[in-house]
Number of protein chains: 2
Amino acid sequence: MTVSAGVASRSGALCPQRLTMEHVTSRWGVVVLIRLLERTYRFAELRRAIGATESVGQVTEKMLGQTLQSLERDGLVHRDVKPVVPPHVEYSLTDLGREAAVQIRALALWTDERRERVERARREYDLARAGG
Amino acid sequence: MTVSAGVASRSGALCPQRLTMEHVTSRWGVVVLIRLLERTYRFAELRRAIGATESVGQVTEKMLGQTLQSLERDGLVHRDVKPVVPPHVEYSLTDLGREAAVQIRALALWTDERRERVERARREYDLARAGG
DNA sequence: CAGTATCCGACACGATACTG
DNA sequence: CAGTATCGTGTCGGATACTG
């Protein structure tokens, strides 16, 4: 029931900053933050947008909900519930969230740009190990 | 036996950049990169240095070895083995590694600086949920 | 000193089903 | 539409013991 009961004990027990790090660098945290940097999204809309991104795969509703919830709890994401039926909920970044998202996007961009170099390094490493 | 067999299937199977992200943002990847940014370290020396840092806790030899190995495989860390007895091994950052470390350090610094705000947000969130 | 091997528990993540 | 509940699996990370 509690939002962060899970991740807390593994490595975030001491050092609450580490917990925040894990939220923003988590599998879907990264994707969500980058998406919300461009604009506000609704739940299903965000889900579809992520799924449509090549090579990122689909998010399950559970994981998206969980990710948004921990980001909201940390004060990085704002959840705006319009009192209408059918329900209409909008997610956006807070100022704090925007700061985080910018850094995460930079990091994601970096890994993207260095991808070739890293893959080459991995091949060389594996080859050196196998060959002797 | 293979270095990255483990982490590969969870979320890095597609999207090899994500794998790199997970290595550098991993529990000990962050700490190691930041440490190596300041200077070269030997294995046990690095282990002690990390353990000495308040609120970071101790690394097990296994995790430190694993972390260094994946970072080396990605071409971020250079491992220099001196052919002497007893063994003497030095770890340092490559140019690629330094680029990564700088970004990680910035992110770590950010979460550190924003810690109070995040904790306040968490308290408010939890209170709002519990109270009504 | 510099690691590797093995066992183990906690939990992230996913698939599926159900609710207001 | 916007989620929560439940179950199953892989694996991350720690403890301990052992090797060159």
Side-chain angles (χ1 to χ4, degrees), chain A residues 1-15 18-19 21-32 40-48 50-51 56-70 72 77 79-91 129, chain B residues 1-15 18-19 22-23 25-32 40-48 50-51 56-70 72 77 79-91 129:
Chain A
M1 195 63 101
T2 52
V3 167
S4 65
V7 82
S9 66
R10 183 155 109 213
S11 58
L14 330 112
C15 204
R18 178 60 202 163
L19 237 186
M21 266 287 248
E22 294 201 337
H23 291 160
V24 304
T25 64
S26 72
R27 178 73 182 90
W28 301 113
V30 174
V31 181
V32 165
T40 292
Y41 274 94
R42 298 179 60 181
F43 188 88
E45 185 188 23
L46 182 55
R47 194 161 122 79
R48 276 190 303 269
I50 291 173
V56 173
Q58 241 319 4
V59 215
T60 59
E61 288 170 357
K62 177 193 162 189
M63 289 317 296
L64 182 58
Q66 217 169 75
T67 301
L68 286 168
Q69 218 173 349
S70 54
E72 188 199 353
V77 160
R79 182 165 172 270
D80 189 17
V81 186
K82 318 262 187 195
V84 297
V85 45
H88 186 114
V89 181
E90 299 212 322
Y91 291 92
R129 285 232 143 184
Chain B
M1 193 64 97
T2 51
V3 168
S4 65
V7 82
S9 65
R10 182 156 107 213
S11 59
L14 331 110
C15 204
R18 177 62 204 161
L19 236 185
E22 295 202 336
H23 291 161
T25 64
S26 72
R27 177 73 184 88
W28 300 113
V30 174
V31 182
V32 165
T40 292
Y41 274 96
R42 297 179 61 181
F43 188 87
E45 185 187 22
L46 182 55
R47 193 161 121 80
R48 278 190 302 268
I50 291 173
V56 173
Q58 244 314 7
V59 216
T60 58
E61 289 170 356
K62 177 195 162 189
M63 289 317 297
L64 182 57
Q66 218 169 72
T67 301
L68 286 167
Q69 218 173 345
S70 55
E72 188 199 354
V77 160
R79 182 167 173 269
D80 190 16
V81 186
K82 319 260 188 199
V84 296
V85 45
H88 186 113
V89 181
E90 299 212 322
Y91 291 93
R129 286 231 144 185

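Just so we're on the same page: letters track the sequence lines, and every chain starts at 1. Every value quoted in this text rests on a predicted model; they were computed, and no experiment measured them.
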Quick one: [X] [atom1] to [N] [atom2], roughly how many Å, whole number?
X	N	atom1	atom2	answer
B:Arg47	D:dG14	CZ	C1'	11 Å
B:Arg129	D:dT4	CZ	P	7 Å
A:Glu61	C:dA17	CD	P	13 Å
A:Leu64	C:dA15	CG	C1'	16 Å
B:Met63	C:dT4	CE	P	12 Å
B:Phe43	C:dC1	CZ	P	11 Å
B:Tyr41	C:dG3	OH	C1'	20 Å
A:Gln66	D:dA2	CD	P	19 Å

- request: Report the base-pairing partner of D:dA17 (Watson-Crick or G-U wobble, both distances below 3.5 angstrom), or none.
  value: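 Here D:dA17 is engaged in a pair, and the nucleotide opposite it is C:dT4.
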- prompt: If you check every side-chain atom of A:Ala44, which of C:dG14, D:dA2, D:dT4 has the closest atom?
  reply: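 So the nucleotide nearest the side chain must be D:dA2.
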task: Looking only at side-chain atoms of B:Gln69, point me to the closest of C:dT4, C:dA2, C:dG14.
output: C:dT4
Does [N] have its OP1 or OP2 closer than 4.0 Å to a side-chain nitrogen or oxygen of [X]?
X	N	answer
A:Tyr91	D:dG3	yes
A:Trp28	C:dG14	yes
B:Arg42	C:dA2	yes

- line: Note: A:Met21 and B:Val30 closest approach over all heavy atoms is CE-CG2, 3.7 Å
task: Apply the side chain to side chain donor-acceptor pair (under 3.5 Å) test between B:Tyr91 and each candidate in B:Glu45, B:Arg79, B:Glu72; give the one that qualifies.
output: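 Checked B:Glu45, B:Arg79, B:Glu72 against B:Tyr91; only one passes side chain to side chain donor-acceptor pair (under 3.5 Å): B:Arg79.
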task: Would you indicate whether the side-chain heavy atoms of B:Val32 and B:Tyr41 approach each other to under 4.5 Å?
output: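 No. Closest side-chain heavy atoms not under 4.5 Å.
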query: DNA chain C: A:Ser26 or B:Pro86, which has the more 5' nearest nucleotide?
result: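 Going by which nucleotide is closer to the 5' end, it is B:Pro86.
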task: Name the nucleic acid region contacted by A:Arg79, choosing base, sugar-phosphate or nothing; use a 4.0 angstrom heavy-atom cut-off, strictly under.
output: sugar-phosphate
- prompt: Can you check side-chain contact (heavy atoms from CB on, under 4.5 Å) on A:Asp80 and A:Val89, steps first, answer last?
  reply: CA-CA 6 Å; A:Asp80 189 17; A:Val89 181; over 6 Å; no
message: Using the rule given for side-chain contact (heavy atoms from CB on, under 4.5 Å), can you reason through B:Phe43 versus B:Glu90, listing the C-alpha separation, both sets of side-chain angles and the distance that settles it, and then say yes or no?
response: CA-CA 7 Å; B:Phe43 188 87; B:Glu90 299 212 322; over 6 Å; no
- prompt: Counting only distance, no hydrogens or angles, is the base of C:dG3 paired donor-acceptor with the side chain of B:Lys62 under 3.5 Å?
  reply: no
